[in-house]
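Taking it in order: structure first as structure tokens, then the write-up.
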Protein chains: 2
Amino acid sequence: MASASTRPRPHRAVRRQQAEPRFDRKLGKILEHATEVFCDKGYEGASMRDLSRATGMSLAGMYHYFGSKERLLYLIQQHTFSTVLSRLRARLSETNDPGHGVRTFIQNHLEYFLEHQQAMKVLSHEDEVLDGEYGRKIALIKREYYRICRDLLDRYKKEKGLEFDSRTAVLSLFGMMNWIYTWYNPRLDGGAEQLSREMGNIFFRGISAR
Amino acid sequence: MASASTRPRPHRAVRRQQAEPRFDRKLGKILEHATEVFCDKGYEGASMRDLSRATGMSLAGMYHYFGSKERLLYLIQQHTFSTVLSRLRARLSETNDPGHGVRTFIQNHLEYFLEHQQAMKVLSHEDEVLDGEYGRKIALIKREYYRICRDLLDRYKKEKGLEFDSRTAVLSLFGMMNWIYTWYNPRLDGGAEQLSREMGNIFFRGISAR
DNA sequence: CCATGGTTCGAACGTTCGTTCTGATCGTAC
DNA sequence: GTACGATCAGAACGAACGTTCGAACCATGG
């Protein structure tokens with residue numbers, strides 16, 4: 001289960017120029033298919049043979065490129081999380097208003113969530129399965145993500161002179177947003193803008209009352 | 001995976017008087033230990049041998065009493081859910097005010113949640129694993145649970161003349177509450193009363209603003 | 001005192017798991 | 001054309017899986 005670093009990383013081919021992106025694009029596609037399988041069957045429920053079948057890559061090939069089932073999950077979670085995080089940072093750099101910042105946080109989270117439902121479900125649902133080095137790295141990103149939201153909220157709280165428990169508030173907000181994967185239905189529930197408006201309303205009015 | 005009714009239920013001993021409760025108490029203890037294992041390792045990750053070891057009952061004994069791993073999970077979920085539901089009904093029968101009803105709903109949910117964290121995590125986290133007859137039965141209880149909360153909220157909405165999307169509101173509330181299992185720390189976060197007050201505040205003020 | 005039937009067990013069944021290994025094939029660079 | 005790295009199919013590995021079996025155990029009723 002543990003030990004991320006004992007297994008050598010697959011020997012990534014050293015190429016020149018335009019070969020690299022094609023290589024990454026192909027592996028990206030494979031990661032997408034793997035995400036779908038993990039999403040449907042769960043990490044433990046999905047076998048390497050399932051993953052191999054779904055990606056079209058041979059079993060041996062999977063091990064050649066990814067090294068282990070654990071690392072496969074790690075790569076998916078790491079890629080998903082850091083993409084969300086970098087998008088968020090880009091958006092937040094445009095504002096200094098903490099209230100607007102939290103709205104942006106919600107909007108960014110839900111937009112990515114609905115756009116990549118499967119990846120986000122794997123991120124939410126297979127949260128505790130990675131341990132060792134992999135688990136530590138994912139936990140690090142997650143803590144930073146939490147930190148950003150909490151800091152924004154604390155600034156907002158001070159600015160408006162409000163009183164509430166920041167920790168409970170932030171984690172309740174995360175709960176609202178991350179629970180979506182258990183119920184979201186695009187036919188019944190609107191898009192990301194509508195959902196983030198409604199959840200943002202509940203959350204903001206909720207913490208804003210004196 | 002499917003088919004609940006193909007396997008015969010274990011022949012429950014027909015006994016008189018005080019033997020029954022002892023029988024049930026023993027099996028109840030075993031279910032508690034099994035809950036702990038499912039909670040720690042997940043349904044797929046937990047093996048019948050793990051469960052057998054944790055409960056102190058032999059592997060064959062587990063099958064004698066519970067029939068299958070699937071039915072074991074079903075019994076845990078069914079017992080947990082119907083206990084929550086019957087407690088809720090008892091409390092709700094004392095009030096007719098929908099606002100107070102929703103507060104009671106939150107209080108009841110969180111109280112049981114913190115009192116039986118492991119069982120509730122198994123209920124939340126292993127939500128999609130049961131299919132067939134078992135899955136249908138659990139889904140039925142869940143829908144009824146959802147219905148109660150939604151009806152209360154709709155009555156509250158009409159009474160106060162508010163406007164918000166009931167579905168999104170109820171499911172956001174469930175998200176806040178059910179996500180707790182991923183972060184709750186009794187040292188940092190208070191007891192059930194405090195948490196349900198804080199979440200209740202966020203939720204109520206959130207939906208109440210015009 | 002033995003027969004009965006629920007209870008419990010160790011051992012085994014066949015399957016699938018994650019992973020590794022062996023060669024064969026194929027396209028490309030020299 | 002040949003050497004090489006990428007990629008493959010397929011078999012094999014030991015371990016672990018969910019489940020079943022047959023025989024002991026043990027209290028009870030005749």
Side-chain angles (χ1 to χ4, degrees), chain A residues 1-4 6-20 22-27 29-30 34 37-38 41-74 126 129-132 134, chain B residues 1-4 6-20 22-27 29-30 34 37-38 41-74 126 129-132 134:
Chain A
M1 285 284 173
S3 77
T6 59
R7 177 166 311 293
R9 319 184 89 225
H11 0 87
R12 185 80 162 293
V14 180
R15 312 255 204 132
R16 300 165 270 286
Q17 260 92 321
Q18 88 298 3
E20 260 280 342
R22 191 175 327 190
F23 179 84
D24 279 352
R25 225 186 346 261
K26 179 182 175 189
L27 260 60
K29 277 283 172 216
I30 290 181
V37 177
F38 278 142
K41 317 187 127 189
Y43 174 77
E44 305 275 0
S47 74
M48 284 300 269
R49 286 162 182 86
D50 291 332
L51 294 163
S52 147
R53 206 176 309 118
T55 58
M57 176 174 268
S58 74
L59 197 51
M62 297 291 285
Y63 280 93
H64 178 71
Y65 280 111
F66 300 111
S68 73
K69 190 183 168 187
E70 234 184 335
R71 203 170 99 91
L72 203 42
L73 177 62
Y74 165 73
E126 315 299 342
V129 347
L130 290 179
D131 57 349
Y134 293 151
Chain B
M1 287 279 174
S3 79
T6 58
R7 176 168 312 290
R9 319 185 88 224
H11 359 87
R12 184 80 161 293
V14 180
R15 312 258 201 129
R16 301 165 270 287
Q17 262 94 320
Q18 87 297 6
E20 259 280 343
R22 192 174 327 192
F23 179 83
D24 278 352
R25 223 186 346 260
K26 180 182 175 187
L27 261 61
K29 276 284 172 215
I30 290 181
V37 177
F38 278 142
K41 316 187 130 191
Y43 175 77
E44 304 275 1
S47 75
M48 285 299 270
R49 283 158 182 89
D50 291 332
L51 294 163
S52 144
R53 205 175 310 119
T55 58
M57 176 174 269
S58 75
L59 197 49
M62 298 290 285
Y63 280 93
H64 177 74
Y65 282 109
F66 300 110
S68 73
K69 190 182 169 188
E70 234 184 335
R71 201 170 101 92
L72 204 41
L73 177 62
Y74 165 73
E126 315 299 341
V129 348
L130 291 179
D131 56 348
Y134 294 150

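These numbers were taken from a predicted model, which means no experiment stands behind them.
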- Contact under 4.0 Å: A:Tyr63 side-chain N or O vs C:dT20 OP1/OP2: no

- Query: For B:Gly56 and B:Leu59, take the nucleotide of DNA chain C holding the closest heavy atom to each; which residue's nucleotide lies nearer the 5' end?
  - Reply: B:Gly56

- Query: Considering only side-chain heavy atoms of B:Lys69, which listed nucleotide, D:dC21, C:dT7, D:dT19, is closest?
  - Reply: D:dT19

- Note on the structure: The complete set of salt bridge (charged side-chain N to carboxylate O under 4.0 Å, His left out) pairs with one or both residues in residues 60-69 of chain A, sequence neighbours excluded, reads none

- Taken to the nearest whole Å, CE/A:Met62 to C1'/C:dT20 is 15 Å

- Task: Locate the shortest heavy-atom distance separating B:Ser52 from B:Ser58; write the atom from each residue and the value.
- Result: OG-C, 3.8 Å

- From CZ of B:Arg71 across to P of D:dT19 the rounded distance in Å is 12 Å

- Residues in contact with DNA chain C, drawn from residues 46-54 of chain B - heavy-atom cutoff 4.0 Å: B:Arg49

- Message: Can you measure A:Glu70 atom CD to C:dC17 atom C1' for me and round it to whole angstrom units?
- Response: 15 Å

- Query: Looking only at side-chain N and O atoms, does B:Lys26 come under 4.0 Å of OP1 or OP2 in C:dT8?
  - Reply: yes

- How long is the line joining CZ of B:Phe66 and C1' of C:dT8, in whole Å? 14 Å

- Message: Does C:dT7 have its OP1 or OP2 closer than 4.0 Å to a side-chain nitrogen or oxygen of B:His64?
- Response: yes

- Message: Using 0.5 Å steps for rounding, measure from the CG atom of B:Leu72 to the OH atom of B:Tyr43.
- Response: 8.5 Å

- Message: The test is side chain to side chain contact (heavy atoms under 4.5 Å, CB included); show your working for A:Ile30 and A:Phe66 and say whether it passes.
- Response: CA-CA 10 Å; A:Ile30 290 181; A:Phe66 300 111; 3.7 Å; yes

- Message: Could you work out, with side-chain contact (heavy atoms from CB on, under 4.5 Å) as the rule, every residue matching B:Ala46, not counting sequence neighbours?
- Response: B:Val37, B:Phe38, B:Lys41

- Query: Mind checking what makes salt bridge (charged side-chain N to carboxylate O under 4.0 Å, His left out) contact with A:Arg53, not counting sequence neighbours?
  - Reply: A:Asp50

